[in-house]
Amino acid sequence: MLIDDVRRVDLGTFVRPAEEADTGLPRVEAVYGYVVRTPSGVLLLDTGFGIADEETEAWYRPVRVPVDDALGAAGLAADDVALVVNCHLHLDHVGGNPRFPGRPLFCQRRELDTARAGDYTVPELVDFAGASYQLLDGEAEIAPGVHVVPTPGHVDGHQSVVVVCDDGSVVLAGQAHDTASQWSADALAVRAAGLGHQAPLPEPSPWMARLLEFDPRRVVFAHDAAVWVP
Ligand SMILES: [Zn+2]
């Protein structure tokens, strides 16, 4: 695997209402998935914005790119996908999951428990016909060189993917951070004391040091086109 072989797939956009945006203004947000050809086959991280009820539709006003079309733009078809990972099970990450029956679907056990408890996501997109969950309790290498690392914060069961390529590692952060800038600040928080800064200092996310151990050359996000590089 090479860094450049980790490809983004464009799954559409939605409008985050002013009530949810920290700026007090509505914000258009992208929905990105990622594909990579691993030694165990093509891996897809996240599958797009799901169809929910009318109220949700009116709230987020999504413009979807069907996962088949998104994969097609990357020269792939749904049948090519061997492994599916969801960073978490919110509506905007699992929309195309039912397109992958029988394919191992990796998520944290606590995330599936949360989703099944209700009031969290679209149940039909979680327990669809042929759903084949491979439940993880913490960190795991799910294919040679492909590591899933828990990154709780946005939700308790959030996870990110690290792809160890021949020319360096790529972190598929998902929504561990919403933006590359937030990652950048957190990465500096880890290093602050080492850089000679005195307290008080920001507390980095508890899993940030683990992700940085992979010495990522590139970090990509579910809702930000910006890419972090060291
Ligand atoms: Zn999201």
Side-chain angles (χ1 to χ4, degrees), residues 8-35 44-73 78 84-101 105-131 133 150-161 172-183 185-186 205 220-227:
R8 171 189 291 156
V9 291
D10 176 6
L11 293 161
T13 47
F14 66 96
V15 183
R16 190 173 292 285
E19 292 88 335
E20 282 187 15
D22 42 20
T23 55
L25 299 167
R27 181 172 63 231
V28 183
E29 291 192 17
V31 180
Y32 295 127
Y34 292 88
V35 287
L44 171 64
L45 172 68
D46 288 348
T47 63
F49 204 112
I51 296 171
D53 50 34
E54 269 178 44
E55 193 186 337
T56 308
E57 204 70 10
W59 183 253
Y60 287 118
R61 297 179 279 155
V63 175
R64 299 177 180 84
V65 177
V67 70
D68 288 82
D69 296 353
L71 288 168
V84 179
V85 182
N86 290 125
C87 65
H88 65 296
L89 298 178
H90 275 164
L91 167 72
D92 53 321
H93 298 260
V94 300
N97 278 15
R99 287 291 294 128
F100 305 98
L105 177 49
F106 293 90
C107 95
Q108 294 292 316
R109 184 184 310 274
R110 67 185 305 172
E111 180 66 3
L112 185 59
D113 288 347
T114 302
R116 284 179 172 161
D119 229 8
Y120 185 78
T121 188
V122 181
E124 295 75 21
L125 295 175
V126 174
D127 286 305
F128 58 90
Y133 284 99
T151 47
H154 175 64
V155 295
D156 288 348
H158 196 280
Q159 59 183 9
S160 300
V161 178
L172 314 179
Q175 216 169 336
H177 292 97
D178 286 330
T179 66
S181 300
Q182 289 173 1
W183 168 283
D186 213 8
S205 303
V220 296
F221 303 88
H223 297 302
D224 191 1
V227 175

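Model, not experiment: these values are computed from the prediction.
- Contact of the Thr56 side chain with the Val122 side chain is not registered, since no non-hydrogen atoms from C-beta on lie closer than 4.5 Å.
- Note: His223 and Tyr32 fail the aromatic proximity criterion, with ring centroids not under 6.0 Å apart.
- Of all the heavy atoms in Cys107 and Leu89, the pair that sits closest is SG-CD1, 4.1 Å.
- Side-chain N/O atoms of His90 and Gln175 include no donor and acceptor closer than 3.5 Å.
- Remark: of the listed residues Thr151, Leu172, Val220, Leu172 is the sole one forming a side-chain contact (heavy atoms from CB on, under 4.5 Å) with Val161.
- Between Asn97 and Phe128, the closest heavy-atom pair is O-CZ, 3.4 Å.
- Closest approach of Ala176 to Ser160, counting heavy atoms only: CB-OG, 3.6 Å.
- Phe100 and Leu71 get closest at one heavy-atom pair: CZ-CD1, 4.0 Å.
- A donor-acceptor pair under 3.5 Å links the side-chain atoms of Arg8 to the main chain of Ala225, judged by distance alone.
- When only modelled atom types and interatomic distance are considered, Thr179 and Asp224 share no side-chain donor-acceptor pair under 3.5 Å.
- Checked by atom type and distance alone, the side chain of Thr121 pairs as donor or acceptor with a backbone atom of Leu91 at under 3.5 Å.
- Between the Asn86 side chain and the His88 main chain, no donor and acceptor come within less than 3.5 Å of each other.
- Taking every heavy atom of both residues into account, Cys87 and His93 meet most closely at SG-ND1, 3.3 Å.
- Residues Asp178 and Phe221 have side chains not in contact (no heavy-atom distance under 4.5 Å, counting atoms from C-beta outward).
- Proximity of Tyr133 to Val126: side-chain heavy atoms (C-beta onward) are separated by under 4.5 Å at one or more points.
- In this structure, a donor-acceptor pair under 3.5 Å is present between the side chains of Tyr60 and Glu20.
- Here the side chains of Ser205 and His177 are in contact, with some heavy-atom distance below 4.5 Å.
- Shortest non-hydrogen contact noted between Leu125 and Val94 is CB-CG2, 3.9 Å.
- Within the 4.5 Å cutoff, side-chain heavy atoms of Asp113 are placed close to those of Arg109.
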